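Note that the structure is predicted; figures quoted are calculated from it, not measured. Values below: all heavy atoms of this structure, side chains included; hydrogens, waters and symmetry mates excluded.
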Amino acid sequence: MRAADGGDLLARLNRASERQRRPQPEGAPDGPTPRRAACWWSPPELISLAGTAAWEGMDEAARRRLSFWETVAFFSLNVHNERRLVTGVLERRGRIEDPEVGAYLDHFAREEQEHTALFEAFCTRHAGGTFPDRALAFPEAAGRLDPDAGDLLFFGRVLLFEDLVDRFNVACALDARLPEAVRDVHRRHHRDEARHLLFGKEMLRRLWSAHHPRLSEATRAALAGQLRGFLLAAWRDLFSVDAYRAVGLERPLEVRRAALASPAAADRFRWATTRCLGFFAELGLPCGPTSPEGAS
Ligand SMILES: [Fe+2]
Ligand SMILES: [Fe+2]
């Protein structure tokens with residue numbers, strides 16, 4: 001992409017975020033709260049245990065309750081990751097010289113704070129709160145090797161996480177089996193994330209073309225390894241022990257291990273990640289596991 005195209009894109013994204021700006025953060029969507037076992041809260045085909053022995057042992061009511069608690073886990077994961085993301089954006093904001101990029105990062109941080117409020121409001125209203133943050137701190141090995149690689153690593157992680165989440169947001173927003181209150185959260189998130197994904201790709205194109213010629217092979221390999229590790233960790237986070245416990249499954253850690261190793265999960269992993277990994281390969285930074293092997 002030529003620089004002029006990227007400049008146009010950023011100007012358009014800034015205008016779109018400005019138009020979209022709400023006078024005050026939106027609250028949780030209204031509407032009656034269905035009983036947990038009365039409906040699907042996420043598409044059953046996308047539930048982490050679908051296709052596993054544990055799933056076969058559950059009746060429809062238990063599967064629906066699991067879809068509820070996995071939705072709470074998914075929104076909780078977004079809350080925790082968005083907080084980290086906003087911290088990283090604000091840390092970088094002062095160093096950004098391009099005014100269009102700086103202006104967009106301001107929109108980006110504000111929109112993430114609104115998403116966090118939206119997800120938290122849903123979890124509080126329907127489940128009494130979010131699940132705790134279970135993520136382990138991620139070392140920034142590539143960043144230590146080279147400071148420019150640190151920005152590539154940060155924006156690379158952001159894109160991997162946002163694209164993974166967006167695959168689920170779109171599928172849930174379109175699924176008529178889900179309550180409108182749930183579809184609306186997914187829809188609202190996708191509306192902003194569609195812009196964040198375009199921005200993230202543009203940032204990575206710029207950073208890569210500015211820095212990659214002088215990155216050593218060792219730094220490139222460290223960067224790809226860190227991105228791969230981050231994606232696998234984000235994928236594992238979708239298999240929530242908190243959700244399994246909430247629905248009363250016995251030996252939830254074993255259930256999780258078996259689910260992560262299942263062929264059904266490998267299929268879902270490919271569905272969820274192929275699009276984004278294709279972008280990284282095209283960029284010149286292939287970082288894909290094509291299956292979640294070793295993710296357990
Ligand atoms: Fe978000
Ligand atoms: Fe985002």
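Nearest heavy-atom pair across Trp235 and Ala272 is CZ3-CB, 4.0 Å. Of all the heavy atoms in Pro44 and Ala50, the pair that sits closest is O-CB, 3.4 Å. The two atoms that bring Ala54 and Met58 nearest to each other are O-CG, 3.2 Å, heavy atoms only. Contact between Arg206 and Leu10 at its shortest, heavy atoms only, is NH2-CD1, 3.2 Å.
For Glu111 and Ser17, the side-chain atoms include at least one donor-acceptor pair closer than 3.5 Å. A side-chain N or O of Arg110 and one of His107 form a donor-acceptor pair less than 3.5 Å apart. Between the side chains of Asn14 and Glu100, at least one donor-acceptor pair of N or O atoms lies under 3.5 Å. Between the side chains of Thr116 and Glu82, a donor-acceptor pair is found at a separation under 3.5 Å.
Partners of Trp40 by ring-ring contact (aromatic ring centres under 6.0 Å, His included), not counting sequence neighbours: none found. Partners of Tyr244 by side-chain hydrogen bond (donor to acceptor under 3.5 Å, both in side chains), not counting sequence neighbours, listed by chain and number: Ser48. Partners of Ala109 under the side chain to side chain contact (heavy atoms under 4.5 Å, CB included) rule, at least two apart in sequence or in another chain, are Val86, Val89, Leu90. The salt bridge (charged side-chain N to carboxylate O under 4.0 Å, His left out) check on Arg83 picks up Glu120, with sequence neighbours excluded. Applying the side chain to side chain contact (heavy atoms under 4.5 Å, CB included) criterion to Asp133, with sequence neighbours excluded, gives His80, Arg84, Ala135. With sequence neighbours left out, His186 forms a side-chain hydrogen bond (donor to acceptor under 3.5 Å, both in side chains) with Asn169. For Thr274, the side-chain hydrogen bond (donor to acceptor under 3.5 Å, both in side chains) criterion is met by no residue, not counting sequence neighbours. Listed by chain and number, the residues in a side chain to side chain contact (heavy atoms under 4.5 Å, CB included) with Ala61 are Ala37, Asp59, Arg65 (sequence neighbours excluded). Looking at residues two or more places apart in sequence or on another chain, you find a ring-ring contact (aromatic ring centres under 6.0 Å, His included) between Phe168 and Phe74, Trp271. Every residue meeting the side chain to side chain contact (heavy atoms under 4.5 Å, CB included) condition with Ala38, not counting sequence neighbours, appears here in chain and number order: Arg35.
Around atom CD of Glu250, no more than 12 heavy atoms belonging to other residues, nucleotides or ligands sit under 6.0 Å away.
Every pair passing side-chain hydrogen bond (donor to acceptor under 3.5 Å, both in side chains) that includes a residue from residues 209-218 is listed here, sequence neighbours excluded: Asp146-Arg214, Asp148-His211, Asp148-Arg214, Ser216-Thr219. For residues 37-47, every residue pair satisfying the salt bridge (charged side-chain N to carboxylate O under 4.0 Å, His left out) rule, not counting sequence neighbours, is listed here: Glu45-Arg177.
Classified by interplanar angle (parallel below 30°, tilted 30° to 60°, perpendicular above 60°), the ring pair Phe119/His189 is perpendicular. Below 30°, between 30° and 60°, or above 60°: for His115 and His196 the angle between ring planes is between 30° and 60°, a tilted geometry.
Using a cut-off of 4.0 Å between Lys/Arg side-chain N and Asp/Glu carboxylate O, Asp8 and Arg12 are scored as not salt-bridged. Between Arg21 and Glu18 there is a salt bridge, with a side-chain nitrogen of the basic residue lying less than 4.0 Å from a carboxylate oxygen of the acidic one. Between Arg195 and Glu162 there is no salt bridge, since none of the side-chain N atoms of the basic residue sits less than 4.0 Å from a carboxylate O of the acidic one. A salt bridge links Arg275 with Asp163: the closest approach of a Lys/Arg side-chain nitrogen to an acidic carboxylate oxygen falls below 4.0 angstrom. Comment: Arg92 engages Asp151 in a salt bridge, judged by a side-chain N to carboxylate O separation of less than 4.0 angstrom.
The distance from atom CG of Asp184 to atom SG of Cys172, rounded to the nearest 0.5 Å, is 13.0 Å. Remark: Leu277 CG to Glu282 CD distance equals 12.5 Å, nearest 0.5 Å.
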With salt bridge (Lys or Arg N to Asp or Glu O under 4.0 Å) as the test, would you mind laying out the steps for Arg257 and Glu254 before giving the verdict? CA-CA 5 Å; Arg257 246 191 311 275; Glu254 272 175 46; 5.2 Å; no

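In this structure, Leu283 is a member of the same hydrophobic cluster as Phe230, with clusters built from ILVMFWY side-chain heavy atoms closer than 4.5 Å.
Judged by the 6.0 Å and 45° rule, Arg63 forms a cation-pi pair with Trp55.
In this structure, Leu231 and Phe161 have side chains that are not in contact, with every pair of non-hydrogen atoms separated by 4.5 Å or more.
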